[in-house]
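A, B, ... follow the sequence lines: proteins, then strands. Residue 1 opens every chain. In what follows, every heavy atom counts, from backbone to side chain, and hydrogens, waters and symmetry copies are set aside.
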Amino acid sequence: MSTTTTTTMHTRTHTATYLSDVIMGTIGDVLALLGIDTSRFVNEWDQDQSAIAAWINEGSLKEVVLECHRPNGTVKPVFEFPIVYSTGDGAGTGFLNSRAAWARYQAKITSVPSETGYSLFCAFFGAHSPQPGWNSGKRASTDGLRSSSFGNLAEGPHARADMRYLS
Amino acid sequence: MQRRREIASSPQRTAGEAWQVLAELVAVTLERSPSIDRSTVDTTMAAAEGAGRMLIGGGHLESSPLVVVAGQLWLEITTISGDGALTLAENLNPVPGAATADSWMVHLPAPGPLSKIVKGVAKTADHLSSDEPVAPASSKEQSKASVLNTDALATWAEEKP
């Protein structure tokens, strides 16, 4: 009897690619669901995905934040995607996501008025590499918003991405 | 002629890279027909690129295929993400069946949240559609043949002592 063993190497780059893709895909779903114009998001997809992946790969990214800016100046809802890094080498852990749960969760998201826009922010644990198209900015206050945790959105061998919904 | 192809997405590739691979597969498949202009295919797939990234990044193309209908060819393309993407044995060679096609259409899936966006994109190019493709006659015949075979099998089983 012969035995064949297949070994798949999971690198930090794999984890970064996976998490950044799931986060971008989820943000795309949110914008589409809320009827927010996605043309800028689509045009900047590669640049933003690449930046998020680079920051996850170097371990500097604390969270990605999607703010929805209403025509009256209020900012809600807000979606936060905190990144939690693993301390081990990631061996033996695969790639998982909660897209099915996310599809069900979408029923909880309240609509926004037409002409609502959006902003993307990234927060960091400390020093981080510069990435094209990203500049420093200031988040809107989330005071008065009620936070609801979706839980784990996606995970890889070296990190996971959670999601919080503030409305 | 029904065919299926799977393309690895993240973590093997980003959604943008996976769309490029998918678009190239469609192009090399359709350009086998002397009646189909490669540049028209490229332009069509470029028009769908933004929606394509969202379909792949959101995982929608894993359960709802993009369907290319060209003459006798009915090609369903899906993506695979996660661990499966790292071990997937892809076949990115031109898919047979479109060599005699003189018309073609790329049907984009329009799942839940992306429905409106996909429908909007489908209106921007003559060869894009967000409608469910109509099953080819050959697949219906294959389906009938399958029923006949099942019937024959049942008859054969009843005749067994």
*asked:* If you define the side chain from C-beta out and look only at heavy atoms, does anything of Pro11(B) sit under 4.5 Å from Phe95(A)?
replied: yes
*State the CD-OG distance between Gln49(A) and Ser10(B), to the nearest 0.5 angstrom.*
8.5 Å
*Decide if atom CZ of Arg38(B) counts as having more than 12 heavy atoms of other residues, nucleotides or ligands within a radius under 6.0 Å.*
yes
_Quick check on Glu17(B) against chain A: is it the side chain, the backbone, both or neither that has a heavy atom closer than 4.5 Å?_
neither
*asked:* Using only non-hydrogen atoms and a strict under-4.5 angstrom cutoff, which residues of residues 100-125 of chain B touch chain A?
replied: Pro113(B), Leu114(B), Ile117(B)
*According to a 4.5 Å side-chain heavy-atom criterion applied to Ile, Leu, Val, Met, Phe, Trp and Tyr, with indirect links allowed, do Val64(A) and Ile36(A) form part of one hydrophobic cluster?*
yes
*Cluster link Trp134(A) to Ile23(A), ILVMFWY, side chain under 4.5 Å*: yes
*So if you build clusters from Ile, Leu, Val, Met, Phe, Trp, Tyr with side-chain heavy-atom gaps below 4.5 Å, do Leu61(A) and Phe121(A) land together?*
no
_How long is the straight-line distance from NE2 of His14(A) back to CG of Asp83(B), given to the nearest 0.5 Å?_
10.5 Å
_Whether over 12 other heavy atoms sit under 6.0 Å from Glu90(B) CD_ = yes
*Are Val21(B) and Leu88(B) connected, step by step, through hydrophobic side chains (Ile, Leu, Val, Met, Phe, Trp, Tyr) whose heavy atoms are closer than 4.5 Å?*
no
_Counting heavy-atom pairs under 4.5 Å with chain B, which one of Trp102(A), Phe41(A), Tyr18(A) comes out on top?_
Tyr18(A)
*Inspect the surroundings of CG in Asp126(B) and state if more than 12 heavy atoms from other residues, nucleotides or ligands are less than 6.0 Å away.*
no
*With rounding to the nearest 0.5 Å, note down the distance linking OG in Ser9(B) to CG in Asp21(A).*
7.0 Å
*CZ/Arg99(A) to NE2/His60(B) distance, rounded to the nearest 0.5 angstrom?*
8.0 Å
*If you round to the nearest 0.5 Å, how far is CH2 of Trp45(A) from OG1 of Thr14(B)?*
9.0 Å
*Could you state whether Tyr105(A) and Leu33(A) fall into the same hydrophobic cluster, counting links through intermediate Ile, Leu, Val, Met, Phe, Trp or Tyr residues with side-chain heavy atoms under 4.5 angstrom apart?*
yes
*Count the heavy atoms belonging to other residues, nucleotides or ligands that lie under 6.0 Å from CZ of Arg32(B), then report whether that count exceeds 12.*
no
*Decide yes or no on side chain to side chain contact (heavy atoms under 4.5 Å, CB included) for Asp46(A) and Arg53(B), but give the supporting numbers first.*
CA-CA 9 Å; Asp46(A) 285 343; Arg53(B) 283 199 196 97; 3.0 Å; yes
